[in-house]
Amino acid sequence: MDIRISLGFGNNENSIAQREFKGKSLLKELDDYVVLDLETTGLDPDYDDIIEMAAIKVENRNIVDQFQSLVNPGYEIDDFITDLTGITNEMLKDAPDVKNVLPQFLSFIGDSVIVAHNANFDINFLYDACGCLKPSTYFKNDFVDTMRLSRRLFVEERHHRLSDLSERFGIKGVVEHRALSDVIKTNQCYDYMKSYAKNSGILFESLYPLHKSGVRASDITATTSEFDETTAIFGKIFVFTGALQRMVRKDAMQLVVNMGGKCGDGVTKDTNYLVLGNNDYCSSIKDGKSSKQKKAEKYKASGRDIEIISENVFYEMLSENG
DNA sequence: TCTCCTCGAGATCT
DNA sequence: CTCGAGGAGA
């Protein structure tokens, strides 16, 4: 049974910015960086501790230095971790503790950009460990996450574990789950993805998310130029609110535009139809009506040419040809 | 149009 | 954590 004491700061709903000085996740091709990996007693930085740290320094694409040390967590580790990593309590018995190893590790890393697989895992452990040093420091290094990189580069692949990447890229090596061997594998994966991107004419910079907001009406253009002018869609302006059941909003907008209709992002005096989707998930809507619906109702009450229709009615309009 | 927010789904680390 | 879907307000 584990009993936790709230210290009044840190991990609760009041602390908005956890690890506020943490570095940024970058998508970059680098020639100079430090690859690192940690082995820990578990997955949660709040309750688990580092038992091994390893890193290599890469300059001009060559490995020029390496660091490896076990870390005594101050208590016995369980069998699961020993089975996973091969690290035993016997091995940790005489290892230095984190206060001794971390400063050396930090000086090895310096200001380098970090490369790591699922980098947030290692960065968070290090960030918290640095906060416990005396004097405490902030682990601010920016980082490149090879898992994120793989997800952006190979969107069609479902899994992006280090083992998946190694297999996919034909990287052989010891299966042992030790920090230094994982560091080497991660570096090889990074190298592979850099050359893959180069050969494919892909810049890592271009892999950042495309848009942070929804589909814009201006993004949708007709894929045809011949319209049936007698349909109920032609020449009308449609606006959508909420999530549609049968298709994503983008596709619905495309159908409208392809029939000679138009779409708007918000309800205006020119809007002819507001199509209601499901907005149950939206916590900011308390009375079941979105701001678009309220506006549409107002326009309708004042005699505008606007109809508020359900998703099903919308599909009926699409299918009935004039 | 632009910027900032919430939410849920999915996956990975030991 | 990251991403995509959507909404609100200026």
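It should be emphasised that the depicted structure is a prediction, and the values quoted were computed from it without experimental measurement. Protein chains get the first letters and strands the later ones, always in sequence-line order, with residue 1 at the start of each. Side-chain atoms are counted along with the backbone in the values below, which use heavy atoms only and exclude waters and symmetry mates.
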Donor-acceptor contact present, side-chain A:Y190 to main-chain A:L30, <3.5 Å: yes

Over how many whole Å does the gap from A:K24 atom NZ to C:dT2 atom P extend? 13 Å

Return the value, rounded to whole Å, for the distance between atom CD of A:Q18 and atom P of C:dT2. 13 Å

Check the phosphate of C:dG7 against A:T241, side-chain N and O only, distance under 4.0 Å to OP1 or OP2. Yes or no? yes

Of all of residues 89-105 of chain A, which get a heavy atom below 4.0 angstrom from DNA chain B, listed by number? none

Heavy-atom closest pair, residues A:I77 and A:I87: CD1-O, 3.3 Å

Separation of B:dC13 C1' from A:N124 CG (nearest whole Å): 10 Å

Close residues, residues 113-120 of chain A, relative to DNA chain B [heavy-atom separation under 4.0 Å]: A:H117, A:N118

Relative to A:F204, does A:K194 satisfy both conditions: NZ or CZ under 6.0 angstrom from the six-membered ring centre, and within 45 degrees of the ring's axis? no

Euclidean distance, atom CE of residue A:M53 to atom C1' of B:dC13 [Å, nearest integer]: 16 Å

Could you report the tightest heavy-atom contact between A:Y47 and A:D49, atom names first, then the distance? O-OD2, 4.3 Å

Apart from A:F234 itself, its cluster of hydrophobic side chains linked below 4.5 Å comprises A:F227

Nearest atoms (heavy-atom pairs only) where A:L165 meets A:S150: CD1-OG, 3.5 Å

What's A:L162 touching, base or sugar-phosphate or nothing? Going by heavy atoms closer than 4.0 Å. sugar-phosphate

Short question: side chain of A:S181, backbone of A:E176 - any donor-acceptor pair under 3.5 Å? yes

Looking only at heavy atoms, the pair that brings A:D97 and A:V71 closest together is C-CG1, 3.9 Å

Under 3.5 Å, side chain of A:R19 to main-chain N/O of A:Y127, donor-acceptor pair present? no

Given atom CD of A:E39 and atom P of B:dC13, what is their separation to the nearest angstrom? 11 Å

For A:A179 and A:E39, which heavy atoms make the closest approach, and how far apart are they? N-OE2, 3.3 Å

Would you tell me if any nitrogen or oxygen in the side chain of A:R151 comes within less than 4.0 Å of OP1 or OP2 on C:dT2? no

Kindly determine whether A:F169 and A:Y196 satisfy side chain to side chain contact (heavy atoms under 4.5 Å, CB included), including the steps that lead there. CA-CA 10 Å; A:F169 304 157; A:Y196 172 88; over 6 Å; no

Which residues in residues 76-88 of chain A have a heavy atom closer than 4.0 Å to any atom of DNA chain B? A:F80, A:I81, A:L84, A:T85

Between A:R168 and A:E157, is the closest basic N to carboxylate O distance under 4.0 Å? yes

Of the listed nucleotides (B:dT14, C:dC1, C:dC3), which one gets closest to any side-chain atom of A:P209? C:dC3

Between B:dT12 atom P and A:R148 atom CZ, what is the distance in whole Å? 16 Å

A:F125: ring-ring contact (aromatic ring centres under 6.0 Å, His included) partners, not counting sequence neighbours: A:F121

Of all heavy-atom pairs between A:Y273 and A:I306, which one has the smallest distance, and what is that distance? N-CG1, 4.5 Å

What is the separation between atom NE2 on A:H160 and atom C1' on B:dG10, rounded to the nearest whole Å? 11 Å

According to the Watson-Crick and G-U wobble definition with distances under 3.5 Å, which dot-bracket string, read 5' to 3', encodes DNA chain B, using [ ] for crossing pairs and | for pairs with another strand? ||||||||||....

Rounded distance in Å - CG (A:D37) to C1' (B:dT14): 10 Å

With a non-hydrogen cut-off below 4.0 angstrom, is A:T41 in contact with a base, only sugar-phosphate, or nothing? nothing

Distance test, side-chain N/O of A:R152 to OP1/OP2 of C:dG4, below 4.0 Å: yes

